[in-house]
Amino acid sequence: MSARDAWKSKLGFILAAVGSAVGLGNIWKFPYVVGKNGGSAFISIYLACIILVGIPILIAEIYIGKKSQLNPVGAFRFFQKGKIPFSPIGYSGVLCGIIILSYYSVITGWICHYLMLSFRGFYGTETEISTIFDNLNNTPWLNVAWHTFVMTAIMLILMKGVMKGIEKASKILMPILGILLLVLVCYSLTLDGMKDAWHFLTSPDFSKVTGGSLLEALGTSFFTLSLGIGAMITYGSYLKGEVNITKSAVQIALIDTLIAFLAGIVIFPIVFSNNLEPSAGPGLIFQTLPVLFAKMPGGHIVSVIFFALVLFAAVTSAISLLEVAVSFIIDEFKCSRIKAILIMGSVIWLLGILSAVSSWNVAGTPFLDLFDKIASCYMLPLGGLCTALVFGWAITTETKYKEIGSSVITKILLFAAKYVSPILLLIVFLKEIGSF
């Protein structure tokens with residue numbers, strides 16, 4: 001076996017980690033939950049959750065990966081003390097990533113389809129445009145074809161390795177994503193709905209905040225940072241030498257949050273300009289926006305830029321999801337990267353076919369929705385809770401100080417990781433269990 005692959009530079013790690021964190025959760029889910037929970041009041045709570053849970057758990061995952069230089073299963077085994085096994089936490093993370101990527105790839109395929117349609121423009125009646133998604137979703141062979149295309153592309157990127165594959169792709173895709181996002185922000189600033197959107201995003205109305213809003217803010221902060229699935233542990237394991245983990249985690253969280261906020265600035269002016277509700281649901285990207293693009297001046301170009309933006313965000317996240325499983329196979333079964341990619345890519349592709357065929361379901365629930373519920377609502381918060389407990393209680397403070405430092409900010413974040421994060425994540429997990 002060759003030496004473990006590594007990042008070429010700290011910038012490469014930051015961009016790859018941001019790419020893992022920035023995904024559909026930022027471009028679609030964040031604006032949606034902000035709209036549903038009253039705007040900037042929710043954003044204030046979300047930011048508090050990022051500080052109290054997101055960044056502390058991000059520090060924990062990067063530390064666990066860097067210290068162990070292993071995949072999530074091996075990393076938790078590395079820190080095991082006594083007879084209580086920690087490796088099941090890693091297995092859960094790997095399995096969660098596999099489940100998420102199986103349907104995430106299908107959704108990314110939808111984005112590819114809409115990007116292709118955007119190049120020729122959305123034409124037809126409003127009814128015809130709004131039913132494009134239904135036609136796509138009810139055409140199994142097309143969904144499987146796009147799913148296959150996406151998985152093949154992700155596998156080819158990973159075959160180049162960490163430095164020449166993941167890092168190089170991140171250094172190309174993330175700057176392009178940033179440029180596309182800024183272009184769309186500039187466009188949205190010219191729309192009539194920008195004034196209402198800005199007021200919605202900056203003037204808090206806490207009367208609309210409920211207990212459910214608090215839990216959703218916590219869940220969203222966790223989901224958008226790609227925590228609980230071992231992705232940051234895996235990426236952290238490719239770090240070598242001296243790295244300021246606290247600073248890196250804060251940078252990743254700040255960039256991720258900024259992109260989510262800018263996505264809101266892009267979407268809400270379009271929504272308000274067309275007299276729609278800011279809480280427009282999951283169909284916003286695939287059913288509502290295409291109709292609006294067809295009506296808007298320059299909508300043809302805007303739609304191309306928008307779906308390209310969403311595609312880049314989805315691809316960078318998909319790369320990290322597959323890398324978690326690949327790293328696990330390489331470390332645990334001592335096989336080559338190519339073989340590991342072919343094995344796990346094939347497994348995830350086969351599992352994804354269940355989500356690609358919308359007519360297949362369990363008790364009336366499509367596999368895509370079922371997998372999303374299991375992974376996002378149960379496995380992610382449980383994985384984060386266990387990570388917080390291991391990091392906070394199984395690893396001595398002195399040991400963490402040697403790697404992370406002992407500045408005032410670091411001490412506060414480590415306190416949050418040990419006491420605050422586990423409590424909040426336990427509340428979220430128990431809430432989800434109660435709603436099953």
Side-chain angles (χ1 to χ4, degrees), residues 20-21 23-25 28-29 57 61 71-73 75-76 87-111 137 143-144 146-148 150-152 154-155 158 219-220 222-235 282 313-329 332 340-358 360-387 425 428-429 432-433 435-436:
S20 174
L24 296 178
W28 163 71
K29 188 172 184 178
I57 301 300
E61 292 203 2
N71 71 90
V73 174
F76 280 106
S87 58
I89 304 171
Y91 281 112
S92 176
V94 173
L95 178 60
C96 184
I98 290 171
I99 292 173
I100 291 176
L101 183 55
S102 72
Y103 67 81
Y104 201 88
S105 174
V106 174
I107 298 174
T108 305
W110 296 344
I111 298 167
N137 202 31
N143 276 292
V144 172
W146 279 121
H147 166 57
T148 303
V150 171
M151 284 303 304
T152 301
I154 301 303
M155 290 167 67
L158 261 62
T220 302
F222 202 73
F223 184 83
T224 58
L225 283 174
S226 219
L227 301 173
I229 54 175
M232 294 304 175
I233 293 176
T234 303
Y235 277 11
V315 166
T316 53
S317 292
I319 288 172
S320 68
L321 289 168
L322 182 54
E323 181 62 22
V324 173
V326 168
S327 176
F328 163 71
I329 294 295
E332 297 298 312
I341 291 170
L342 291 174
I343 292 172
M344 295 314 303
S346 298
V347 169
I348 294 170
W349 176 79
L350 287 170
L351 186 62
I353 292 177
L354 295 175
S355 296
V357 182
S358 61
W360 293 354
N361 59 77
V362 176
T365 302
F367 275 102
L368 191 152
D369 295 336
L370 178 64
F371 288 159
D372 183 47
K373 182 74 173 179
I374 292 172
S376 300
C377 297
Y378 304 103
M379 298 183 76
L380 282 180
L382 181 59
L385 171 61
C386 292
T387 300
L425 287 169
V428 169
F429 180 70
E432 295 295 350
I433 289 293
S435 65
F436 188 77

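Counting begins at 1 with the first residue of the sequence. These numbers come from the heavy atoms of this one structure, side chains and all, not from hydrogens, waters or symmetry mates.
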Check: Does the side chain to side chain contact (heavy atoms under 4.5 Å, CB included) test come out yes or no for Phe76 and Ile233, once each step is laid out?
Finding: CA-CA 10 Å; Phe76 280 106; Ile233 293 176; 3.6 Å; yes
Next item on the list: Starting from the C-alpha separation in whole Å, work towards a yes-or-no answer on side chain to side chain contact (heavy atoms under 4.5 Å, CB included) for Ile154 and Val315.
Entry: CA-CA 7 Å; Ile154 301 303; Val315 166; 3.8 Å; yes
Can you name the nearest heavy-atom pair linking [X] to [Y], along with the distance?
{"X": "Pro72", "Y": "Val324", "value": "CG-CG1, 4.0 Å"}
{"X": "Val94", "Y": "Ala325", "value": "CG1-CA, 4.2 Å"}
{"X": "Met379", "Y": "Ser92", "value": "CE-O, 3.4 Å"}
{"X": "Ile99", "Y": "Ala375", "value": "CG2-CB, 4.2 Å"}
{"X": "Ala356", "Y": "Val144", "value": "CB-CG2, 3.9 Å"}

Test item: [X] side-chain N/O and [Y] main-chain N/O as donor-acceptor pair under 3.5 Å:
{"X": "His147", "Y": "Trp349", "answer": "yes"}
{"X": "Ser105", "Y": "Leu101", "answer": "no"}
{"X": "Glu61", "Y": "Gly228", "answer": "yes"}
{"X": "Thr387", "Y": "Gly383", "answer": "yes"}
{"X": "Thr316", "Y": "Ala313", "answer": "yes"}

[X] versus [Y]: any side-chain heavy-atom pair under 4.5 Å?
{"X": "Phe367", "Y": "Leu351", "result": "no"}
{"X": "Leu225", "Y": "Phe222", "result": "no"}
{"X": "Tyr104", "Y": "Leu24", "result": "yes"}
{"X": "Ile111", "Y": "Trp146", "result": "no"}
{"X": "Met344", "Y": "Phe328", "result": "no"}
{"X": "Leu354", "Y": "Ser102", "result": "no"}
{"X": "Pro366", "Y": "Asp369", "result": "yes"}
{"X": "Val357", "Y": "Asn143", "result": "no"}

Notebook entry, point to check: Under the side chain to side chain donor-acceptor pair (under 3.5 Å) test, which residues partner Ser376, sequence neighbours left out?
Noted result: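 Once residues adjacent in sequence are excluded, the partners of Ser376 under the side chain to side chain donor-acceptor pair (under 3.5 Å) criterion are Asp372.
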Note to self: What I want to check is whether the side chains of Ser20 and Ser317 have a donor and an acceptor closer together than 3.5 Å.
What the structure shows: no
Check: Do we see a donor-acceptor contact under 3.5 Å between the side chains of Trp110 and Asn137?
Finding: no
Rounded distance (nearest 0.5 Å) linking atom [atom1] of [X] with atom [atom2] of [Y]:
{"X": "Ile348", "Y": "Leu322", "atom1": "CD1", "atom2": "CG", "result": "5.0 Å"}
{"X": "Leu425", "Y": "Leu227", "atom1": "CG", "atom2": "CG", "result": "9.0 Å"}
{"X": "Leu158", "Y": "Ile319", "atom1": "CG", "atom2": "CD1", "result": "6.5 Å"}
{"X": "Asn71", "Y": "Glu323", "atom1": "CG", "atom2": "CD", "result": "10.5 Å"}
{"X": "Leu342", "Y": "Ile329", "atom1": "CG", "atom2": "CD1", "result": "12.0 Å"}
{"X": "Phe371", "Y": "Cys96", "atom1": "CZ", "atom2": "SG", "result": "12.0 Å"}

